[in-house]
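This report refers to the structure that appears directly beneath it.
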There are 2 protein chains.
Amino acid sequence: MPKQNTVFKDAYNRCLRLLVVGESLPSEPELCSLLGVSRTTVRSILSQMVESGLIEWNKRSKAVQRPPSRADYFPEHETSSLSDMIERTFMKRILMGGAEPGMQINELELAREIGVGTTSVREFLIRFSRFGLIEKRPNSHWVLKGFTRQFAEELTDVREMFELKSAAAFAGLPADDPAWVELESLRRAHVEVLADIDSRYLEFSELDDRLHRLIQQASGNRFIIDFYDIIAIVFHYHYQWNKANARERNGKAILEHLDYIEALKTRRPEAVEAACRLHLSSARQSLMQSLSTVA
Amino acid sequence: MPKQNTVFKDAYNRCLRLLVVGESLPSEPELCSLLGVSRTTVRSILSQMVESGLIEWNKRSKAVQRPPSRADYFPEHETSSLSDMIERTFMKRILMGGAEPGMQINELELAREIGVGTTSVREFLIRFSRFGLIEKRPNSHWVLKGFTRQFAEELTDVREMFELKSAAAFAGLPADDPAWVELESLRRAHVEVLADIDSRYLEFSELDDRLHRLIQQASGNRFIIDFYDIIAIVFHYHYQWNKANARERNGKAILEHLDYIEALKTRRPEAVEAACRLHLSSARQSLMQSLSTVA
DNA sequence: GAGCTGCACATTATCGACAAAGAACACGGA
DNA sequence: TCCGTGTTCTTTGTCGATAATGTGCAGCTC
């Protein structure tokens with residue numbers, strides 16, 4: 001199979017939610033921007049919807065015939081791209097399963113295990129190598145360097161360097177920069193989650209990602225911004241499978257975030273630096289602690 | 001053609017230089033480590049040498065029959081790997097040819113132009129993307145972000161952050177660390193080139209690379225060390241095609257390096273930082289200047 | 001018994017092929 | 001005149017196949 005039609009399936013599912021019985025779907029170009037795909041894909045979706053009796057389609061008119069049912073949706077697992085699947089499987093292996101540093105990684109074996117071609121695995125590994133967890137021996141295998149305490153230290157060292165710089169840049173942003181609006185909206189989101197922390201503490205991850213990305217953005221430096229991808233993927237997968245003390249940890253972090261946000265709003269460099277250092281050292285500490293319980 | 005035998009050809013050429021008439025080549029495993037290839041490749045080389053009448057091969061004896069001639073060598077251009085070729089062609093295009101930011105990069109076109117399969121080009125682009133000069137639109141083309149003044153500034157900003165940290169770590173290295181020996185040998189190499197600067201100023205690039213890599217190494221941080229690859233490739237190609245004032249620029253830089261090395265040897269943090277800053281700001285300036293003459 | 005060779009096998013690098021997804025163009029209706 | 005549609009063409013993502021290269025094992029030689 002040359003290419004997965006996951007783009008189609010995912011867009012189809014999202015398009016199902018746009019159906020309102022009695023109304024007509026918007027024009028093709030409009031659907032394109034709504035769904036974020038090309039017209040070719042939109043037209044495939046419309047054709048499929050005609051087949052399923054969901055709509056009648058004649059030129060400009062796309063009249064909705066019936067509401068979508070559970071069965072109209074494609075199964076969720078068919079909607080994620082190949083590389084996402086590979087990423088998940090791979091991360092699971094190296095963060096959970098026994099993944100001693102120095103272990104060899106075999107493209108062919110990985111491909112067979114996941115049930116995809118070698119090319120996809122290869123390209124994934126190349127992309128993934130920039131995260132510093134694996135390394136290639138040319139004409140030979142990849143070597144796993146391991147998600148070790150050492151790795152976590154190197155990662156957080158750079159993170160702190162970068163974020164201090166970004167935070168300082170953020171504080172220096174002109175008053176009419178849209179980032180301030182976004183910051184305020186993030187602050188409110190934090191307060192909301194905090195108010196119901198016992199049942200919503202898992203939403204912290206997303207807040208964390210948004211806040212830190214917003215701050216890195218202020219650096220205006222693509223290397224700093226790109227580096228955050230490494231942080232994000234590591235934290236994402238690590239905490240996804242390691243939820244010990246998550247409730248307590250996240251509650252504390254939200255409070256730190258709020259302090260951090262307040263400090264940014266004062267635009268006083270010393271206040272920003274202090275809050276930034278405090279939060280980062282606390283994040284480092286949680287990561288290190290959770291590492292010792294695993295490895 | 002499934003795979004280029006460039007490893008074979010390159011190793012063969014290097015092996016030719018080991019031939020001494022009347023003597024025998026060493027054992028297969030020894031040749032392996034000498035040439036940095038596997039036994040399979042060594043045996044292919046030996047077979048080929050038998051075919052060419054260069055040696056007689058019987059088990060452990062590999063008696064050299066005649067000295068290699070010019071014609072025995074494979075042409076140089078056949079000895080570099082596919083990805084090196086792609087890299088060179090690509091860098092030439094984006095650093096020399098009109099490469100306006102925002103331009104689209106077409107995998108297929110690139111592949112045809114270079115005369116390789118799309119897979120190789122694709123993998124190269126993925127690897128190359130970490131340098132921040134291109135960016136992928138999924139399911140669509142790559143976008144060239146351009147080797148602009150902006151890029152150079154972002155690059156050098158991070159470089160300065162990292163190198164200051166590395167230099168400080170270097171100064172703190174224990175007295176018996178092998179890096180000190182290497183540093184001294186590098187210092188002597190600088191002095192030698194400086195003594196004959198008019199004819200040897202082109203050797204500066206290599207000295208530069210060695211010195212900075214040695215310093216980054218001291219950070220013990222893979223992200224810092226890996227980042228230097230970006231610096232290296234940019235400087236390598238940029239100055240390779242832009243030799244204006246090279247003689248003067250390199251002479252000045254060598255003097256700065258010598259100061260920098262002396263400062264490191266004092267192991268006094270302030271002296272190290274001062275010399276480091278001085279050299280880096282001068283390097284930044286040359287890069288910016290050479291950029292304005294080009295773009 | 002330590003290291004070398006001979007051999008068989010495993011894995012990587014590269015290609016061409018093909019379906020999915022994107023992009024360009026001309027026509028036609030408001 | 002402008003936007004939407006119908007159509008066609010280009011490019012990407014993924015696969016299986018194949019030569020180059022690397023790796024492991026058994027027996028041989030010093």
Side-chain angles (χ1 to χ4, degrees), chain A residues 1-11 26-32 35-47 57-62 81-83 85-86 104-112 115-126 136-142, chain B residues 1-11 26-32 35-47 57-62 81-83 85-86 104-112 115-126 136-142:
Chain A
M1 291 129 233
K3 203 176 182 178
Q4 312 296 108
N5 55 350
T6 57
V7 172
F8 165 75
K9 287 178 177 170
D10 181 55
S27 78
E28 295 176 12
E30 203 162 333
L31 280 171
C32 287
L35 299 170
V37 297
S38 76
R39 256 187 74 218
T40 306
T41 305
V42 164
R43 300 187 109 241
S44 309
I45 292 173
L46 293 174
S47 304
W57 180 21
N58 193 295
K59 312 245 169 151
R60 314 206 162 195
S61 126
K62 297 142 190 128
S81 82
L82 234 303
S83 44
M85 267 195 47
I86 299 177
Q104 295 183 10
I105 298 169
N106 188 311
E107 293 178 2
L108 203 55
E109 190 191 351
L110 243 182
R112 279 196 286 246
V116 299
T118 50
T119 313
S120 311
V121 168
R122 227 177 128 70
E123 291 185 0
F124 166 76
L125 291 172
I126 295 173
K136 178 143 194 65
R137 298 294 148 81
N139 285 311
S140 182
H141 49 254
W142 292 80
Chain B
M1 293 124 229
K3 204 175 180 178
Q4 314 294 105
N5 54 350
T6 56
V7 172
F8 165 76
K9 286 177 176 169
D10 180 57
S27 76
E28 295 175 12
E30 203 161 332
L31 281 171
C32 288
L35 299 171
V37 296
S38 77
R39 259 187 69 217
T40 306
T41 304
V42 163
R43 299 184 112 241
S44 309
I45 293 174
L46 294 174
S47 304
W57 181 22
N58 193 296
K59 313 242 168 154
R60 311 202 167 200
S61 128
K62 298 141 188 126
S81 82
L82 234 308
S83 45
M85 267 194 47
I86 299 177
Q104 295 182 11
I105 298 169
N106 188 311
E107 293 177 3
L108 202 54
E109 190 192 352
L110 243 182
R112 278 195 288 245
V116 300
T118 50
T119 314
S120 310
V121 168
R122 228 176 127 69
E123 291 184 359
F124 166 76
L125 291 172
I126 295 174
K136 179 144 194 60
R137 299 292 150 83
N139 284 313
S140 181
H141 48 256
W142 292 82

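Order of the sequence lines fixes the chain letters, A, B, ..., with proteins taken first and strands second; residue numbering starts at 1 for each chain. None of the values given here were measured: they were computed from a predicted structure.
- The interatomic distance linking Ile45(B) (CD1) with dA20(D) (P) rounds to 14 Å, in whole Å.
- Between Val42(B) and Phe8(B) there is no side-chain heavy-atom pair separated by less than 4.5 Å.
- Axis orientation changes by 30° from one end of the helix from dG1(C)-dC30(D) to dA30(C)-dT1(D) to the other, with each end axis drawn from 5 pairs and the value rounded to 10°.
- The side-chain heavy atoms of Val37(A) and Cys32(A), taken from C-beta on, include no pair separated by under 4.5 Å.
- Using a 4.0 Å heavy-atom cutoff across all strands shown, Ser120(A) reaches sugar-phosphate atoms only and no base atom.
- Distances from the side chain of Ser38(A) to the nucleotides dA21(C), dG22(D), dC7(C) place dA21(C) closest.
- Side-chain N/O atoms of Arg43(A) include one lying less than 4.0 angstrom from OP1 or OP2 on dG6(D).
- Look at CG on Leu31(A): it is 16 Å from C1' on dG22(C), rounded to the nearest Å.
- Minimum interatomic distance between Ser83(A) and Phe124(A) (heavy atoms only, all atoms of both residues): O-CD1, 4.4 Å.
- The side chain of Thr119(B) lies closest to dG16(C), out of dG24(D), dG16(C), dG22(D).
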Between protein and nucleic acid, restricted to nucleotides 10-13 of chain D and to nitrogen or oxygen atoms under 3.5 Å apart, what atom pairs and distances do you find?
unit_1, atom_1, unit_2, atom_2, d
dT11(D), OP1, Asn106(B), ND2, 2.9
dT11(D), O5', Asn106(B), ND2, 3.4
dT12(D), OP1, Glu107(B), N, 3.3
dT12(D), OP2, Glu107(B), N, 3.4
dT12(D), OP2, Leu108(B), N, 3.3
dT12(D), O2, Lys3(A), NZ, 3.1
dG13(D), OP1, Asn139(B), N, 3.0
dG13(D), OP2, Arg122(B), NH1, 2.3
dG13(D), OP2, Arg122(B), NH2, 3.0
dG13(D), N2, Pro2(A), O, 3.1
dG13(D), N3, Pro2(A), O, 3.3

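- Each of Val7(A), Ile45(A), Asp10(A) was scored for a side chain to side chain contact (heavy atoms under 4.5 Å, CB included) with Leu35(A), with one residue passing: Ile45(A).
- Residue-level contact check: Thr6(B) touches the backbone only, with heavy atoms under 4.0 Å from sugar-phosphate atoms and none from bases.
- Looking only at side-chain heavy atoms (C-beta outward), Ile86(B) and Leu125(B) stay at 4.5 Å or farther from each other.
- The CZ-P distance, from Arg39(B) to dT21(D), rounds to 16 Å in whole Å.
- Between Asn58(B) and Gly36(A), the residue anchored closer to the 5' end of DNA chain C is Asn58(B), taking for each the nucleotide with the nearest heavy atom.
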Protein and nucleotides 1-4 of chain C: nitrogen or oxygen contacts under 3.5 angstrom:
unit_1, atom_1, unit_2, atom_2, d
dG3(C), N2, Arg60(B), NH2, 2.9
dC4(C), OP1, Ser27(B), OG, 3.3

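- Residues Leu82(A) and Thr6(A) have side chains not in contact (no heavy-atom distance under 4.5 Å, counting atoms from C-beta outward).
- Smallest separation of non-hydrogen atoms from Glu30(A) and Pro26(A): CD-CB, 3.8 Å.
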